[in-house]
Enquirer: 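Pasting in a structure now, in structure tokens, and then I'll have a few things to ask.
Fair warning: this is a prediction, and the values are worked out from it, not measured in the lab.
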Amino acid sequence: MTAKRTHDSVRRALRLMKALRGHALRGLSNAELAKALGESPVNVTRYVDTLVEEGWATRLEDGRITPGIAFLQFAMATTEELDRAGARLTEMRARISTNHH
């Protein structure tokens, strides 16, 4: 039973992070998150507290919640990895078309 509750908690926290997507500058209020997730504001506060502790969410001075530095670093690292992969594919295509006779 504990494992199920743990999985549900992780699922809810991940859904919260998805709800924050596109709100890095202004964030969302606790009430907006609660409504978007169909959760009680108390539960949202619990999830946010955990995410803030881990750096995945940040509370702004006005109380609004945004993605945290850990999340943004993850996103940037993924973007950089995809950029490197794209550059490598472009390089390979150029070699193929140059050697294609």
Enquirer: Determine the minimum heavy-atom distance between Ala34 and Ser40, stating which atoms define it.
Expert: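 Closest heavy-atom pair between Ala34 and Ser40: CB-C, 4.1 Å.
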Enquirer: Determine whether Ile69 and Ile65 fall in the same hydrophobic cluster, where Ile, Leu, Val, Met, Phe, Trp and Tyr are linked whenever their side-chain heavy atoms lie under 4.5 Å apart.
Expert: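 No, it is not one cluster - the side chains of Ile69 and Ile65 are not joined through contacts under 4.5 Å.
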Enquirer: Using the side-chain contact (heavy atoms from CB on, under 4.5 Å) criterion, which residues pair with Glu81? Sequence neighbours excluded.
Expert: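 By the side-chain contact (heavy atoms from CB on, under 4.5 Å) rule, Glu81 matches Arg84.
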Enquirer: Quick one: which residue pairs count as a salt bridge (Lys or Arg N to Asp or Glu O under 4.0 Å) with a foot in residues 69-79, not counting sequence neighbours?
Expert: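 As it turns out, there is no salt bridge (Lys or Arg N to Asp or Glu O under 4.0 Å) pair with a partner in residues 69-79 once direct neighbours are skipped.
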Enquirer: Going through the checks in order, is the side chain to side chain contact (heavy atoms under 4.5 Å, CB included) test met by Val10 and His7?
Expert: CA-CA 5 Å; Val10 171; His7 294 298; 5.8 Å; no
Enquirer: For residues 16-53, which residue pairs pass the ring pair (Phe, Tyr, Trp, His ring centres under 6.0 Å) check, not counting sequence neighbours?
Expert: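 Matches after skipping sequence neighbours: none remain.
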Enquirer: Give me the atom names and distance for the closest heavy-atom approach of Ala24 to Pro67.
Expert: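 Heavy-atom minimum between the residues: CA-CD, 3.6 Å.
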Enquirer: Going from OG1 on Thr66 to CG on Leu25, what distance comes out if it is rounded to the nearest 0.5 angstrom?
Expert: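 It is 8.5 Å, given to the nearest 0.5 Å.
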Enquirer: Taking all non-hydrogen atoms of both residues into account, name the closest pair between Val44 and Leu16 and its distance.
Expert: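 Reported closest heavy-atom pair: CG1-CD1, 4.1 Å.
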Enquirer: Arg15: which residues meet the side-chain hydrogen bond (donor to acceptor under 3.5 Å, both in side chains) condition with it, sequence neighbours left out?
Expert: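 With sequence neighbours excluded, Arg15 shows a side-chain hydrogen bond (donor to acceptor under 3.5 Å, both in side chains) to no residue whatsoever.
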Enquirer: How close do Leu33 and Ala19 get, heavy atom to heavy atom, and via which atoms?
Expert: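 Smallest interatomic distance, heavy atoms only, reads CD2-CB, 3.8 Å.
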Enquirer: So, using side-chain contact (heavy atoms from CB on, under 4.5 Å) as the criterion, who are the partners of Asp49 when residues are at least two apart?
Expert: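 For Asp49, the residues satisfying side-chain contact (heavy atoms from CB on, under 4.5 Å) (neighbours in sequence not counted) are Thr45, Arg59.
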Enquirer: May I ask whether Leu20 and Leu60 are part of the same hydrophobic cluster, defined by side-chain heavy atoms of I, L, V, M, F, W, Y residues being less than 4.5 angstrom apart, directly or through others?
Expert: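 Cluster IDs for Leu20 and Leu60 differ.
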Enquirer: Determine which pairs satisfy ring pair (Phe, Tyr, Trp, His ring centres under 6.0 Å) with at least one residue from residues 54-92, sequence neighbours left out, and list them in order.
Expert: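 Listed once each, the pairs are Trp56-Phe74.
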Enquirer: Please identify each residue that fulfils salt bridge (Lys or Arg N to Asp or Glu O under 4.0 Å) with Glu91, with sequence neighbours left out.
Expert: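 Residues passing salt bridge (Lys or Arg N to Asp or Glu O under 4.0 Å) with Glu91: Arg88, Arg95.
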Enquirer: Going by the rule side-chain contact (heavy atoms from CB on, under 4.5 Å), which residues pair with Glu32 if we only count those two or more places apart in sequence or in a different chain?
Expert: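 Listed in chain order: Leu28, Ser29, Arg64.
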Enquirer: Between Arg11 and Leu14, is any pair of side-chain heavy atoms under 4.5 Å apart?
Expert: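 Heavy-atom side-chain distance check fails, nothing below 4.5 Å.
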Enquirer: Suppose we screen for side-chain contact (heavy atoms from CB on, under 4.5 Å). Which residues come up paired with Ala13, at least two apart in sequence or across chains?
Expert: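 Result, side-chain contact (heavy atoms from CB on, under 4.5 Å) vs Ala13: Leu51.
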